[in-house]
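Residue numbers start at 1 and run along the sequence shown.
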Amino acid sequence: MKYIAIDTAGDPAAILVTCGEKTLFRAVTEQKRTSEVLLPKLDEMLDECKLSLPELDFLAVVTGPGSFTGIRIGVNTVKTFSYVNGTPIVAIDALEKLTYNYLPGETNRIICAVHAYANFCYLAIYDKSGNVIENPDALEYTAARELIEGDKNAAIIADGAACDRLGVSCIRDNPNVSLARAAESFYARGKTVNHAAVEPFYIMKSQAERELEIKEKRG
């Protein structure tokens, strides 16, 4: 199996290139420079795997929720690659991706959280098979913490930023594991689409849109 998987929705961004038994993983910690370093890093990784884009079986991208700018960078990059080469795409929800981490064996409910901005996070609840129990929503961290503390039987998985802000015991996302497992599972189940069908997954409005609404209300 040959594919690339990109997650620019969170911090750090993650890039994965797989060619058969060889897998390369890179974390991009300079989130504000993701647009500058994404393509050069991808080129280096493809060269190391002796791969070219037309040889890939599929492309995977995390479509959100998460960083508005980051999501656009990842989605547009993969859509462009797909358009040029006709490669199918696997579109992955950032919250569902978290369920592909290694989990405790007796877990029946999984609460997943990723950082949104300021004092907000995105949160969703899944069963142990990855089926949605409660759809993704944006919550203040205080509300998210109350929900988590009221559900004693759930496993809590969060990205690093959300895990730190929630202040509860949680499984920290390992993107090296979760991104690869999600991409390969989706592809094996035939969950691929063409470039035209892939769209960013936003729950909240962007900061610019929120600020414009505030200005309009103030007249």
>> Distance to the ring centre below 6.0 angstrom and angle to the axis at most 45 degrees; does that hold for Arg189 and Phe186?
In response: yes

> Rounded to the nearest 0.5 Å, how far apart are CD of Glu149 and CG of Leu166?
Replying inline: 9.5 Å

>> Has Ser82 got a side-chain atom pairing as donor or acceptor with Val78's backbone, closer than 3.5 angstrom?
In response: no

>> If we ignore hydrogens and angles and just use 3.5 Å, is the side chain of Arg181 paired with the main-chain N or O of Val177 as donor and acceptor?
In response: no

> Roughly how far, to the nearest 0.5 Å, is the CD1 atom of Ile133 from the CD1 atom of Ile110?
Replying inline: 8.5 Å

> Does one hydrophobic cluster hold both Leu103 and Ile111, with members joined at side-chain heavy-atom distances below 4.5 Å?
Replying inline: no

> Taking C-beta and beyond as the side chain, do Ile89 and Asn194 meet within less than 4.5 Å on heavy atoms?
Replying inline: no

> Can you name the nearest heavy-atom pair linking Ala158 to Leu98, along with the distance?
Replying inline: CA-CD1, 4.1 Å

> Val75 and Val90: same hydrophobic cluster, using ILVMFWY side-chain contacts below 4.5 Å?
Replying inline: no

> Do Leu53 and Leu38 sit in the same hydrophobic cluster, where Ile, Leu, Val, Met, Phe, Trp and Tyr count as joined when their side-chain heavy atoms come under 4.5 Å apart?
Replying inline: yes

>> If I take atom NZ from residue Lys22 and atom NZ from residue Lys50, how far apart are they, to the nearest 0.5 angstrom?
In response: 6.0 Å

> Checking side chain to side chain contact (heavy atoms under 4.5 Å, CB included) for the pair Val28/Ile15: CA distance, chi angles, key distance, verdict?
Replying inline: CA-CA 8 Å; Val28 181; Ile15 310 168; 3.9 Å; yes

>> If I take atom CZ from residue Arg72 and atom OG from residue Ser67, how far apart are they, to the nearest 0.5 angstrom?
In response: 8.0 Å

>> Within this structure, what is the SG-CZ distance for the pair Cys121 and Arg145, rounded to the nearest 0.5 Å?
In response: 9.0 Å

> If you take all heavy atoms of Tyr141 and Ala161, which pair is closest and at what distance?
Replying inline: OH-O, 4.2 Å

> How long is the gap from CG on Asp43 to OG on Ser52, to the nearest 0.5 Å?
Replying inline: 11.5 Å

>> I need the minimum non-hydrogen distance between Ala60 and Ile92, along with the two atoms involved.
In response: CB-CD1, 4.2 Å

>> We want to know whether Tyr100 and Ser185 form a side-chain donor-acceptor pair, criterion being a heavy-atom distance below 3.5 angstrom.
In response: yes

>> Membership question, hydrophobic clusters at under 4.5 Å side-chain separation (ILVMFWY): are Met1 and Met45 in the same one?
In response: no

> Between Leu59 and Ile6, does a side chain to side chain contact (heavy atoms under 4.5 Å, CB included) hold up when you go through it step by step?
Replying inline: CA-CA 8 Å; Leu59 308 159; Ile6 298 172; over 6 Å; no

> Linking I/L/V/M/F/W/Y whenever any side-chain heavy atoms sit under 4.5 Å apart, do Phe120 and Leu139 land together?
Replying inline: no

>> A side-chain contact here means heavy atoms from C-beta on lying under 4.5 Å apart; do Thr63 and Pro200 qualify?
In response: no

> Mind checking whether Phe25 and Pro175 have side chains closer than 4.5 Å, heavy atoms only?
Replying inline: yes

> Quick one: do the Thr99 and Glu96 side chains pair a donor with an acceptor below 3.5 Å?
Replying inline: no

>> Quick check on side chain to side chain contact (heavy atoms under 4.5 Å, CB included): which of Leu56, Thr23, Asp57, Leu51 does Thr18 satisfy it with?
In response: Thr23

> With a 4.5 Å heavy-atom cut-off, do Val62 and Leu179 have their side chains touching?
Replying inline: yes

>> Quick test of your reading of the model: are Glu48 and Arg26 salt-bridged, counting only N-O distances below 4.0 Å?
In response: yes

> Any donor and acceptor pair, going by atom type alone, linking the side chain of Lys79 with main-chain N or O of Val198 inside 3.5 Å?
Replying inline: yes

> Just by distance, do the side chain of Asn101 and the backbone of Asn174 share a donor-acceptor pair under 3.5 Å?
Replying inline: yes

>> For the cysteine pair Cys49/Cys19, does the gap between the two SG atoms stay under 2.5 Å?
In response: no

> How about Pro65 and Leu95: do any of their side-chain heavy atoms sit closer than 4.5 Å?
Replying inline: yes

> Run the side chain to side chain contact (heavy atoms under 4.5 Å, CB included) check on Leu16 and Ile4 step by step: do they pass?
Replying inline: CA-CA 6 Å; Leu16 187 144; Ile4 63 173; over 6 Å; no

> Counting only heavy atoms not in Asn131, do more than 12 fall under 6.0 Å of its CG?
Replying inline: yes

>> Looking at every heavy atom in both Ala144 and Leu123, which two are closest together, and how far apart are they?
In response: CB-CD1, 3.9 Å

> How far apart are the C-alpha atoms of Asp173 and Lys97, what are their side-chain angles, what is the distance that settles it, and do they pass the salt bridge (Lys or Arg N to Asp or Glu O under 4.0 Å) test?
Replying inline: CA-CA 9 Å; Asp173 178 39; Lys97 187 205 75 168; 3.0 Å; yes

>> Do Ile157 and Asp159 have side chains that approach each other closer than 4.5 Å (heavy atoms only, starting at C-beta)?
In response: no

>> What I'd like to find out is whether the side chain of Ile171 reaches to under 4.5 Å of the side chain of Ile156, using heavy atoms alone.
In response: no

>> With side chain to side chain contact (heavy atoms under 4.5 Å, CB included) as the criterion, how do Tyr3 and Thr87 come out once you've worked through the C-alpha distance, each side chain's angles and the decisive distance to 0.1 Å?
In response: CA-CA 10 Å; Tyr3 68 91; Thr87 313; over 6 Å; no

>> Can you confirm whether or not the ring centre of Tyr202 sits under 6.0 Å from the ring centre of Phe68?
In response: yes

>> Do Arg109 and Tyr126 make a side-chain contact, defined as non-hydrogen atoms from C-beta onward lying under 4.5 Å apart?
In response: no

